[in-house]
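Here is the structure we will look at, set down as structure tokens.
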Protein chains: 2
Amino acid sequence: MRILYVEDEKYLADAVIHVLEKSGISVDHAEDGEEGLNLALKPIYDAIVLDIMLPKLSGIDILRDVRERGIKTPIIMLSALSQVEDKIKGLNYGADDYLAKPFKTAELAARLRALVRRPALNDEKIICYSDLYYNLEDRTLNELPLSEKEAGIIEALLKNPEHVLNKEYLLSHVWGSDASGEDNYVEVYISYLRKKLEKLKSKAKIKTIRGLGYKLCSKNSS
Amino acid sequence: MRILYVEDEKYLADAVIHVLEKSGISVDHAEDGEEGLNLALKPIYDAIVLDIMLPKLSGIDILRDVRERGIKTPIIMLSALSQVEDKIKGLNYGADDYLAKPFKTAELAARLRALVRRPALNDEKIICYSDLYYNLEDRTLNELPLSEKEAGIIEALLKNPEHVLNKEYLLSHVWGSDASGEDNYVEVYISYLRKKLEKLKSKAKIKTIRGLGYKLCSKNSS
DNA sequence: ATAATATTTTAAGGAACTTTTAAGGTTTCT
DNA sequence: AGAAACCTTAAAAGTTCCTTAAAATATTAT
């Protein structure tokens, strides 16, 4: 299970993340409303946890925007004690659950599990890495349609993120096992893919390891 | 269960729709009285929820018109607190239930379920997606008659909305299991269907996924 | 049965997109 | 500097898909 957690109080966030990850829930963390909204729009989370008081955009704003776009990912709202009105607003705008601060992290984990144990709305087959999500069914990378060869390459890279794949491997996997020579095929398509990653403004990059091959990695990673 | 919800306050509507859909009620939404009336006349809803204060046509107007045409779909009226007079009017014109604003969405859901648990007026076999309703009995798509092949294809697409169906699948399902070649059959009929969706001004579109097949999707969805 | 109408098949041209090819440019390493 | 590996680009070649209309077939009405 992968969730998004939008929370500006850093100490709290770190503690909560630590406990959640320990119990097998993978957490992406956003520290303000703007970043939170951006991430929330990606169809890769099983649930979203929103603090209400946030810099730039409130949790309510995020909730509203997300729901307006028809995204149905389960959402849990967090807010400081006694802001009962927020609770009502949140539930009205389509939140799935509400938790008053301070809360026990274990309870949050439990509610997340309860929410996500519902029949999957997402039966899509999606491979994720960093801010990329590739849909195997319709061959789209972050909604952008790819051609067959582009798709073959990005799929191989996404299935082996941060690992070097050499050209012979890519050739035989994408073009066929006869692997008749042309390294340039791969070079051309790597170039096309880089252009598309650029267009998507993705943090992920395809790095060249000279003499060895290519690897997919996230901008800030080594 | 599929209902029509006519409501002009967008935020409220989104929140309510979200909760209803989550509880398994499929909701079509109209934002003003005119659109509401148009939709209300389609024989596809198990119930209709009408706000009273609406642009263009009031909920009362819609109610009256719908009932005058002999349509017996259960109707719930919504109105701002204390407009008791509206309540009386509504029930007089043949509303089935009445709910004062603000209301709890869960209560609306409960009342809907109660209303619809009555003997079904609609035993027609209809498949819906987005603003499309296809009647299996007389092979009409939003009242527009289709030929056998057209019907076969739209039926397959409607039964698998937002999923890619390839040509071989469509060929074998519509033309027969021998699936003798001709991809062009499918292409021709997809073209005919697109023309009809256009004519119906539907929000739904048939998308081509080059090399893979076709998928039905709603304009704004991915 | 025959004509009128509608549907399905066939076919062909062209539009849109993909892949291959090729050539020139850049980077990296020795 | 020179060589090898890699990048980028664009034109050529190849595919797939769209659209249309006429021919063949089936259906319905007269």
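Lettering of chains follows the sequences in order, A, B, ..., and the numbering in each one begins at 1.
- We find that B:Arg139 and B:Glu155 are not joined by a salt bridge, their nearest charged nitrogen and carboxylate oxygen being 4.0 Å or further apart.
- Contact between the side-chain N/O atoms of B:Tyr185 and the OP1/OP2 oxygens of C:dT10 is found at a separation under 4.0 Å.
- The distance between atom CG of A:Leu146 and atom P of C:dT19, rounded to the nearest whole Å, is 10 Å.
- Atom CD1 in A:Ile190 sits about 19 Å away from atom P in C:dT27, given to the nearest Å.
- Two residues, A:Gly213 and B:Glu187, neighbour DNA chain D, and the one matched to the more 5' nucleotide by heavy-atom proximity is A:Gly213.
- Across all strands, B:Tyr214 comes closer than 4.0 Å only to sugar-phosphate atoms, never to a base (heavy-atom distances).
- Residue-level contact check: B:Glu150 touches neither bases nor backbone, having no heavy atom under 4.0 Å from any strand.
- Mapped onto DNA chain C by nearest heavy atom, B:Arg210 and B:Tyr189 fall at different nucleotides, with B:Tyr189 at the one closer to the 5' end.
- Under 3.5 Å, the side chains of B:Asn135 and B:Thr140 contain no donor-acceptor pair of N or O atoms.
- At C:dT8, none of the side-chain N or O atoms of B:Trp175 fall inside 4.0 Å of OP1 or OP2 (strictly under the cut-off).
- Rounded to an integer number of Å, the gap from A:Leu193 CG to C:dT19 P is 11 Å.
- A salt bridge links B:Lys167 with B:Glu187; the closest basic N to acidic carboxylate O contact falls under 4.0 Å.
- Computed from coordinates, the A:Tyr192 OH to C:dC17 P distance equals 14 Å when rounded to whole Å.
- Straight-line distance from the CG atom of B:Asn184 to the P atom of C:dT10: 10 Å, rounded to whole Å.
- Between the A:Glu7 side chain and the A:Glu9 main chain, a donor and an acceptor come within less than 3.5 Å of each other.
- Along DNA chain D, read 5' to 3', the first and last nucleotides having any atom under 4.0 Å from a heavy atom of chain B are D:dT15 to D:dA21.
- In terms of modelled atom types and a separation under 3.5 Å, the side chain of A:Asp65 and the main chain of A:Ile62 share no donor-acceptor contact.
- Distance alone, capped at 3.5 Å, is enough to place a donor-acceptor pair between the B:Asp61 side chain and the B:Ser58 backbone.
- In the set C:dT9, C:dA23, C:dT20, C:dT9 carries the atom at the smallest distance from any side-chain atom of B:Val188.
- For the side-chain hydrogen bond (donor to acceptor under 3.5 Å, both in side chains) with B:Tyr133, the lone residue among B:Glu143, B:Lys42, B:Arg2 that qualifies is B:Glu143.
- The CD1-C1' distance, from A:Ile153 to C:dT18, rounds to 13 Å in whole Å.
- If you measure from atom NZ of B:Lys149 to atom P of C:dA6, you get 18 Å, rounded to the nearest angstrom.
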